[in-house]
Number of protein chains: 2
Amino acid sequence: MLVPVTLAHVAQEAGVSPSTVSRILNGTANVTPEKRARVEAVIARLNFKPNPQAQALANGRSLTIGVITPSLNSTFYGEALAGVEAVLNDTPYHPLVISGQWRPEREQEALDVLLLRRVDAVILMGGILDDAILERVAQRVPLVALGRDVRGLSERCVVMDNRLGMRAIVHHLLHLGHRDFAFIGGAERQQDAVERRESAVATLHGAGVTIPNALLESGEYTEDGGREAAGRLLATGLPFTALICANDQMALGARLTLYRHGLRVPEDVSLTGFDDVITSSLMTPPLTTVRQAIYDMGEVAARAALSLLRGEGVSMQVFTPELIVRESTHPPAGVRRAAAPSEVRR
Amino acid sequence: MLVPVTLAHVAQEAGVSPSTVSRILNGTANVTPEKRARVEAVIARLNFKPNPQAQALANGRSLTIGVITPSLNSTFYGEALAGVEAVLNDTPYHPLVISGQWRPEREQEALDVLLLRRVDAVILMGGILDDAILERVAQRVPLVALGRDVRGLSERCVVMDNRLGMRAIVHHLLHLGHRDFAFIGGAERQQDAVERRESAVATLHGAGVTIPNALLESGEYTEDGGREAAGRLLATGLPFTALICANDQMALGARLTLYRHGLRVPEDVSLTGFDDVITSSLMTPPLTTVRQAIYDMGEVAARAALSLLRGEGVSMQVFTPELIVRESTHPPAGVRRAAAPSEVRR
DNA sequence: ATGAAAGCGCTAACAC
DNA sequence: GTGTTAGCGCTTTCAT
């Protein structure tokens, strides 16, 4: 394998023309069984593998699927990536992953690189690039989005119902008897952050509860974002017995701030997250949250990309969130807990 | 950009031959300033970008660096990946990431794919592939390893001094007054797991302390691994005031088990980790651990790969671990804490 | 200094 | 069915 064996070698060795070998490789045409056997024997003996770059140049497909993830070191998107990889593993395709860092320029660059490298399809996770741009890209290359709904491309989007999930959380807390809420949302340039906040506020409103503006905080979808936002909430001096965070990472950060202020979870404050990343079940106490089947969403996105590639259609996938009740939520002090309907405990 | 513009277009438009354009692109030879200017203008106007696949086919370099990571959804290796990506960002190279899942066959496959795709260099993170295999691969393509020391390839390995780090942890605990230890190590097929365990045992031994065999547990380097191992430790009924874990993820899992058993950290049990992943500073209580500058290691690995690519040499990089004392460690009950020398608190 | 021409390894349209 | 012949888009001798 020091001098890589080429298709031409195989052809010569088997006494056939290069095209025949190519045909056998691609199943492009019928070949006499005996010739096929002969060629396949040589391929096996020489351990020949076609050069993907040459194939790409010749037939325009690179066997590569571009993936844009907001961040390579994110538990959440890491799971999705793993799902994508698992699906592509059974195919000749490989993912080419680039991170966008939640910055439009970086995302644009990532997209440019992927197109330049002639990826056969693109999977976009999250991100904040304009819908209009994406729509344009989608005309050049099969595109599927994960975790965001692109206007005009809805049937290519793998999303979860954020509103439904947040509603479940809020109902759970209301059921426990909470009336004094605080909320930490994500940066509102991201669609899901908006949806989660709106849903929380609306659901509470429906129950006759209003969150004071000062207790409606937001920040980056990160541990630090949550930590800092929680600090600002406590600084207001306003009372609350339940703190709703727009994702688990923020909840993790907020939990540290509560700890620093000597507030116990759940005795003093009930805390909730969103996503159910792996660490959430390991927090002390384990976090009540809403599960996004993010690994599965990655798988679905990859399958959708493959379908588009084959020219088949795909249909929108909306994942239903699942409320996961753990120990970070309790009735507020002085309230006896009433069993909530249809909740899952793990 | 619908019909991609090629080098030939540029040549024609500028009234020169393709070779001239190529030369300008690669700085391969001298070209009259005026011609160069003319061509560059056309390149800019047409927004021409050379097709990487064609370049790869023609000159044998793919501008791609293969990265094998044990897992795409790992906080630890995710950080390293981010470091690699950050460095490559300023170069024409791009990472092609494949995960090995801690399984030799998968790693081997990943390696095969990368070589087939003609990556210009390979960065191997962790992994359990035989040193012999890697040595062979290293003859075909520039290879650098991260987080493991490959026999015969030491100068291409970016590692941290595991023994030193573990020694710091143990000394810290000894200093606090602990005498009754338990230990949870990683799977010993991994080098660093062996080093960390040996160092812990040896350092304790040096202080006249022995861990009973039953309190010397091990498991996968994961949250679940730590959770389960801690369960087995507690099941022995043997007393211990300090629990040393071979990495942060295990410590996180162990922490949950302690919580479940009603044991407080650090009042009842002091707990330590290794790596200082992001979540460790957010645990309740924040975890005492040893910092691996894993992001930096990723950067260094990427730079080393680039150096090898240019035919320059590289030299071994050993990172020095840094003890990070947080709130998960305390003197054991009844012992007054003595200030430990040279420790960092954050 | 620059153009012509021959590949890089493969695929595909075209003959036979 | 199968071989011949052009490319795919770029690089790189080899001339001039």
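In the text below, chain A, chain B and the rest are named by the order of the sequence lines, each starting its count at 1. The figures here come from the full heavy-atom set of this structure, side chains too, leaving out hydrogens, waters and symmetry mates. A quick note: this is a predicted structure, and the numbers were derived from the prediction, not measured.
- Listed nucleotides C:dT11, D:dG9, C:dG3 differ in distance to A:N59; the shortest reach to its side chain belongs to C:dT11.
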- Task: Any chance you could lay out the side chain to side chain contact (heavy atoms under 4.5 Å, CB included) test for B:V277 and B:I294, step after step, and finish with the verdict?
- Result: CA-CA 9 Å; B:V277 302; B:I294 181 64; over 6 Å; no
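- Note on B:K35: a side-chain N or O is less than 4.0 Å away from OP1 or OP2 of C:dT2.
- Both B:N30 and B:L57 lie near DNA chain C, and the one whose nearest nucleotide falls closer to the 5' end is B:N30.
- Taking atom CD1 of A:I24 as the reference point, atom P of C:dC10 lies 14 Å away to the nearest angstrom.
- Close to C:dT11, at under 4.0 Å from its OP1 or OP2, lies a side-chain N or O of A:N26.
- Along DNA chain D, the nucleotide closest to B:T6 and the one closest to A:P18 are compared, and the more 5′ of them pairs with A:P18.
- Of the candidates D:dC10, C:dT11, D:dG3, the closest approach to any side-chain atom of B:L7 belongs to D:dC10.
- The B:N51 side chain lies nearest to D:dC10 when the options are D:dT2, D:dC10, C:dA1.
- Look at B:Q53 and you won't find any side-chain N or O under 4.0 angstrom from OP1 or OP2 of D:dG9.
- Within 3.5 Å, no donor on the side chain of B:R118 pairs with an acceptor on the base of C:dG9, nor the reverse.
- Counting atom types as modelled, A:R36 pairs no side-chain N or O with a base atom of D:dG1 as donor and acceptor under 3.5 Å.
- Checking side-chain atoms of B:D131 against main-chain N and O of B:R151 turns up a donor-acceptor pair under 3.5 Å.
- Between the CD atom of B:Q55 and the P atom of C:dG9 there is a distance of 17 Å, given to the nearest Å.
- Listed candidates were D:dG9, D:dG7, D:dT13. Nearest to the side chain of A:A58 is D:dG7.
- A:F48 places its CZ atom 8 Å from the C1' atom of C:dC10, with the value rounded to the nearest Å.
- The backbone N or O of B:V42 lies less than 3.5 Å from no partner atom in the side chain of B:E13, so there is not a single donor-acceptor pair.
- Residue A:S19 places no side-chain N or O under 4.0 Å from the OP1 or OP2 atom of D:dT5.
- If you measure from atom CG of B:L25 to atom P of D:dC10, you get 8 Å, rounded to the nearest angstrom.
- Side chain of B:V31, nearest nucleotide from C:dC10, C:dT2, D:dT2: C:dT2.
- Within the 3.5 Å criterion, the main-chain N or O of B:I65 finds no donor-acceptor partner in the side chain of B:D120.
- Between the CZ atom of A:R117 and the P atom of D:dG9 there is a distance of 17 Å, rounded to whole Å.
- Looking at which nucleotide of DNA chain C each of A:P52 and B:A29 is closest to, the 5′-most match is held by B:A29.
- At a threshold of 4.0 angstrom between heavy atoms, the contacts of B:T20 are confined to the sugar-phosphate backbone, with no base atom among them.
- Side chain of B:R148 to backbone of B:G127: a donor-acceptor contact under 3.5 angstrom is found.
- Nucleotide C:dC10 holds its P atom 12 Å from the NZ atom of A:K49, rounded to whole Å.
- B:L63 places its CG atom 12 Å from the C1' atom of D:dC10, with the value rounded to the nearest Å.
- Between the side chain of B:S62 and the backbone N or O of B:R118 there is at least one donor-acceptor pair closer than 3.5 Å.
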